[in-house]
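Only heavy atoms go into these numbers, but all of them, side chains included; no hydrogens, no water, no symmetry mates. Numbered from 1 within each chain, the chains take letters A, B, ... in sequence-line order. Every value quoted in this text rests on a predicted model; they were computed, and no experiment measured them.
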2 protein chains.
Amino acid sequence: MIRRATTENLFRASEISTTLAAMKPADPPKPASGPTRARAATLTDVARLAGVSVATASKALNGRSQVRAETRVRVQEAAERLAFRPNPLARSLLAGRTGTVGLLTSDLEGRFSIPILMGAEDAFGAGRAAVFLCDARGDSIREQHHVQALLERRVDGLIVVGSRTDPRPSLGRGLPVPVVYAYAPSSDTDEDLSIVPDSVGAGRMAVGHLLACGRSRIAHITGDVNYLAARERAEGAARAMGEAGLHLLEEPLYGNWSEGWGRAAATMLLDRHPDLDALLCGSDQIARGALDILRERGRTVPDEVAVMGFDNWHAVTDGARPSLTSVDHNLQEIGRVAAQALFQAIDGRMRRGVELQPGRVVIRASTVALG
Amino acid sequence: MIRRATTENLFRASEISTTLAAMKPADPPKPASGPTRARAATLTDVARLAGVSVATASKALNGRSQVRAETRVRVQEAAERLAFRPNPLARSLLAGRTGTVGLLTSDLEGRFSIPILMGAEDAFGAGRAAVFLCDARGDSIREQHHVQALLERRVDGLIVVGSRTDPRPSLGRGLPVPVVYAYAPSSDTDEDLSIVPDSVGAGRMAVGHLLACGRSRIAHITGDVNYLAARERAEGAARAMGEAGLHLLEEPLYGNWSEGWGRAAATMLLDRHPDLDALLCGSDQIARGALDILRERGRTVPDEVAVMGFDNWHAVTDGARPSLTSVDHNLQEIGRVAAQALFQAIDGRMRRGVELQPGRVVIRASTVALG
DNA sequence: AAAGACTGGGAAAAGGCTTTCGGTTGGAAC
DNA sequence: GTTCCAACCGAAAGCCTTTTCCCAGTCTTT
C-alpha cells in the first residue's frame with residue numbers, strides 16, 4: 001500500500017504528547033489499550049527453570065565464583081532457552097550507574113558536529129555505553145532544558161559538542177556527572193576538560209606543505225574574523241612563514257566562509273600580486289571560489305599557483321578542478337578522544353584543561369612541487 | 001592549561017572497556033573509586049519533609065485524586081525545596097515503558113540522514129522521549145547488534161533511517177516493539193510502516209516548474225541508475241512532460257552523482273541539442289557541474305538555459321553561479337512524521353505501508369520565466 | 001575426633017517508585 | 001445512636017536485579 005501524505009496526517013509533534021496534568025487531578029490513564037506482548041523472561045524464570053534461587057542464578061550468569069561449575073552451566077542453559085536478557089533498569093537502579101551518556105550538540109546542521117558525533121558514538125558503542133542524542137539548536141535555554149532532562153535520566157556523563165572553536169560558556173561546576181567539551185572548549189579552562197582541534201598547528205602545517213612544494217610568494221584568504229579558528233590558522237601560517245625567514249605577501253584577508261568571498265578576494269590578490277605562487281584559503285569553499293577565478297584568469301593550478309583549503313570537505317574538494325589539497329582536522333578522532341576521556345572521568349580519573357588534537361594535510365591535485 | 005595530544009593518550013576506545021569475563025570466574029570489580037557525590041533526593045525524603053507517607057507523596061506529585069489539596073501543596077513544596085526529580089529507572093521498571101526510543105542510522109556521513117535525524121529528535125524531544133542514537137555504518141551485522149542492544153535497554157520503539165530510497169530488508173516481524181522506517185522503506189510493505197520522499201512527485205514537480213517558466217526543450221541528466229531515486233525522478237519528469245504533450249529531448253542520461261559527470265553530460269547534451277532551454281539535473285552537484293560547462297560555453301543561465309537540481313543542498317546551491325533552483329525533499333518533515341507515527345504505534349495505533357512525503361521547489365537564480 | 005577452613009547455595013535486603021487495598025475520620029442520613 | 005459514604009491517607013506488595021550474610025555440608029588439620 002502506498003499512501004501520499006495529506007494534510008490530515010501532517011500535524012506536528014507537539015500535538016502528540018498526552019495532555020499534561022490539567023488543573024483537575026485525574027486518575028490513572030486508560031489501561032494501555034496496546035496489544036499485549038509476550039513478557040520478557042526474568043531472572044526468576046531462569047532460576048525456576050534451572051532449579052536454583054535467583055541469587056545463585058545471578059551469580060552464575062555474572063561469573064561470580066561461589067557457584068559450582070555444573071550449576072553454572074545449568075543456569076546458563078536455562079537463560080539461553082528463555083532468551084533471558086537482564087533488565088538494565090533494575091540493574092542500574094541498584095548500581096547507581098546507567099551506562100548511558102548524553103551527547104549534546106549545538107547544531108546538527110553544522111557539518112563539523114557530525115564527524116565528532118560519529119567518533120564519539122563509535123567509542124561509546126565499543127565501550128558498551130548507549131548515547132542519548134540531544135540537539136540544542138544553538139539555543140542556550142533549550143540546552144539547559146536538555147541538560148536537566150539528561151540528568152533526570154541519570155546519565156553517567158555528558159559530552160558537549162560545539163559548532164565553532166570559540167570558547168563557550170561552561171555548563172557549570174555544580175553538575176553531578178563529569179562533562180567533556182568537544183570542538184568548542186569550555187570557558188572554564190581550569191575546571192573543565194575540552195578536546196579541540198589545533199588550529200594554530202593546522203595553519204602552520206598548511207604553510208609547511210606549501211613551503212615544501214617550493215612556494216614562497218604565499219597569500220592567505222580566510223573567513224570571518226570573528227571566528228577564533230580563522231585567526232588561529234592565520235597566526236599559525238604567519239609563524240611558519242616567519243620561521244622560514246619569509247612573510248605572507250600581505251596581511252590575511254578576512255571576509256566570510258563563502259565561495260563568493262573566495263572569488264572576490266582572489267580577484268583582488270591577483271591584481272595586487274600577479275606573481276603569487278600559492279594561495280592558502282581558510283576553508284574549502286573559499287578555495288573553491290579562488291580556483292574558479294584562477295581558471296578564468298588563465299592561471300594554471302597547481303603549476304603556476306598552488307591552492308589549498310581547510311576542513312577537507314569531500315563534497316567540495318573532490319568536485320573542484322583540480323581536486324583540492326586540504327587540511328583535515330581529524331574531527332572523528334576528537335569525538336573518540338572526548339568519549340574516551342569521559343569514560344576515564346566517570347571512573348574518577350578526570351583530566352582538566354584544553355587538549356589540542358593535531359590535523360593532517362590531505363594532498364590532492366591542487367598543490368605540487370614547483371619545477 | 002593547554003596540552004597537545006601525544007601518542008600516549010591517543011589510544012583507542014576498544015582498550016577502554018573493562019576486560020570482559022575471562023575464563024575464570026572473577027569476583028566483584030574494585031569498588032568504584034570515584035568521588036562520592038551528593039545523593040539525589042528521593043521520594044522518601046520528600047515524604048518525610050512533608051510529613052506524609054511515600055504513597056501519598058507519589059499520589060500528590062502525580063496528580064492523583066485521592067489527596068487533599070492542602071496536602072498536595074505541602075508535598076509539592078517539599079519536592080521543590082529538595083529539587084526532587086523522580087528516578088525514571090525506578091518508574092519505568094514498574095511501568096514497563098522507558099520513554100526511550102532507538103534511532104538507528106545506516107550511515108551518519110550521508111547528508112540525507114542528518115536532517116531526518118534532526119526532525120525525529122525534534123519530535124521526540126517535544127513528546128518527552130529520549131533518543132538513543134546508533135550508527136550501523138552500513139553493516140548489517142552491526143545493525144543487528146545495535147538492535148539487540150537497544151531492545152535490551154527496553155526502548156519503546158525504533159526508527160530505522162536509511163541512506164537511499166531503495167527498499168531495505170525489514171528488521172523482521174518478531175520484534176517486541178514497533179518500528180518505523182524513514183527514507184529507506186522496509187521491503188516488508190505489508191507489515192511495516194515506511195515514511196519516504198515522493199521521488200516521482202519530485203520529478204514531476206521539477207518539470208512542472210520548468211514548464212511554468214516557459215521551457216519546453218528540456219533534457220535530464222541524473223545519477224547512478226542503480227538508485228531508485230534516480231529512476232523515479234526521471235519517471236516523474238517524463239510523465240509530467242507527457243501530460244503537457246511534450247517529450248524530454250532524449251532519454252535521461254544516467255551516470256553518477258558527481259560534478260564531474262555533470263560536466264561530461266552537459267558537454268554531450270550541448271553538442272547534441274544546441275537549442276535546449278532547460279537542464280534538469282538529478283542532484284545539486286550534477287547541476288553544479290553543468291553550470292560550469294554552460295558558463296564556459298558562454299550560454300547564459302537562466303536566460304538562455306534554465307538549470308535546476310535536486311536535494312537543495314545549501315552548500316552547493318548557494319555557492320553556484322547563479323545560485324541554483326532545487327527540489328527540497330523536506331527530509332526534516334520525514335523525520336518528524338516518522339517519530340509521530342512511532343508514538344502512535346507505541347500507543348497501539350500502528351499504521352502500515354509506505355507513506356510518501358511531498359517535496360517542494362526552492363526557486364533561486366538559475367531558473368526564470370522565458371522572455 | 002574435634003576444631004577450623006572452604007564451598008556452594010539460599011534468604012533477604014536494597015534500590016526508588018507506583019498502585020492496590022484497607023483503615024480512619026468526619027459528616028450526612030436514618 | 002447507629003449506619004453509610006466519601007474523602008483522605010498509609011502499609012505493603014510489586015517491578016527485577018545484585019549483593020550481603022548466613023547456613024550446611026565437606027575437607028583439612030592437629
Q: Would you kindly compare A:Thr44 and B:Lys59 by the position of their nearest DNA chain D nucleotide and give the one closer to the 5′ end?
A: B:Lys59
Q) Is A:Glu152 paired with B:Arg91 through a side-chain N to carboxylate O contact shorter than 4.0 Å? A) no
Q. B:Glu70 CD to C:dT25 P: how many Å, rounded?
A. 17 Å
Q. Is the shortest side-chain N to carboxylate O distance from B:Glu77 to B:Arg81 below 4.0 Å?
A. no
Q) For residues A:Ser170 and A:Asp188, is any side-chain donor paired with an opposing acceptor at under 3.5 Å? A) no
Q.
Quick check for you: among C:dA11, C:dG8, D:dG10, whose closest atom lies nearest to any side-chain atom of A:Gln66?
A. C:dG8
Q. Can you check whether A:Arg68 has a side-chain N or O nearer than 4.0 Å to OP1 or OP2 of C:dT7?
A. no
Q: Search all heavy atoms of B:His145 against all heavy atoms of A:Arg128 and return the closest pair with its distance.
A: NE2-NH1, 4.1 Å
Q) Roughly how far apart are B:Leu89 CG and B:Leu94 CG, rounded to 0.5 Å? A) 12.5 Å
Q) With respect to the phosphate group of D:dC9, does any side-chain polar atom (N or O) of B:Thr56 fall under 4.0 Å of OP1 or OP2? A) no
**Q.** Interatomic distance where CG belongs to A:Asn62 and C1' belongs to D:dT19 [whole Å]
**A.** 11 Å
Q. How long is the line joining CZ of A:Arg85 and C1' of D:dC16, in whole Å?
A. 16 Å
Q. Separation of A:Leu93 atom CG from D:dT17 atom C1', in whole Å?
A. 9 Å
**Q.** Length of the CZ-C1' vector between B:Arg153 and D:dT17, whole Å
**A.** 15 Å
Q: Rounded off to whole Å, could you give me the CG-to-C1' distance for the A:Leu94 and C:dA12 pair?
A: 13 Å
Q.
What is the separation between atom CG on A:Leu89 and atom C1' on D:dC15, rounded to the nearest whole Å?
A. 10 Å
Q: Ignoring backbone atoms, test whether A:Arg64 places a side-chain nitrogen or oxygen under 4.0 Å from the OP1 or OP2 oxygen of D:dT19.
A: yes
Q: Rounded off to whole Å, could you give me the CZ-to-P distance for the A:Arg154 and C:dG15 pair?
A: 14 Å
Q: Name the nucleic acid region contacted by B:Ser58, choosing base, sugar-phosphate or nothing; use a 4.0 angstrom heavy-atom cut-off, strictly under.
A: base
Q.
With a cut-off of less than 4.0 Å, is there a side-chain N or O of A:Asn87 near OP1 or OP2 of D:dC15?
A. no
Q: Could you pick out which residue, B:Arg74 or B:Ala90, lies toward the 5' side of DNA chain D when each is mapped onto its nearest nucleotide?
A: B:Arg74
Q | B:Thr71 side chain near D:dC8 phosphate (N/O to OP1/OP2, under 4.0 Å) | A | no
**Q.** Residue-phosphate contact under 4.0 Å: A:Ser53 side-chain N/O, C:dG10 OP1/OP2
**A.** yes
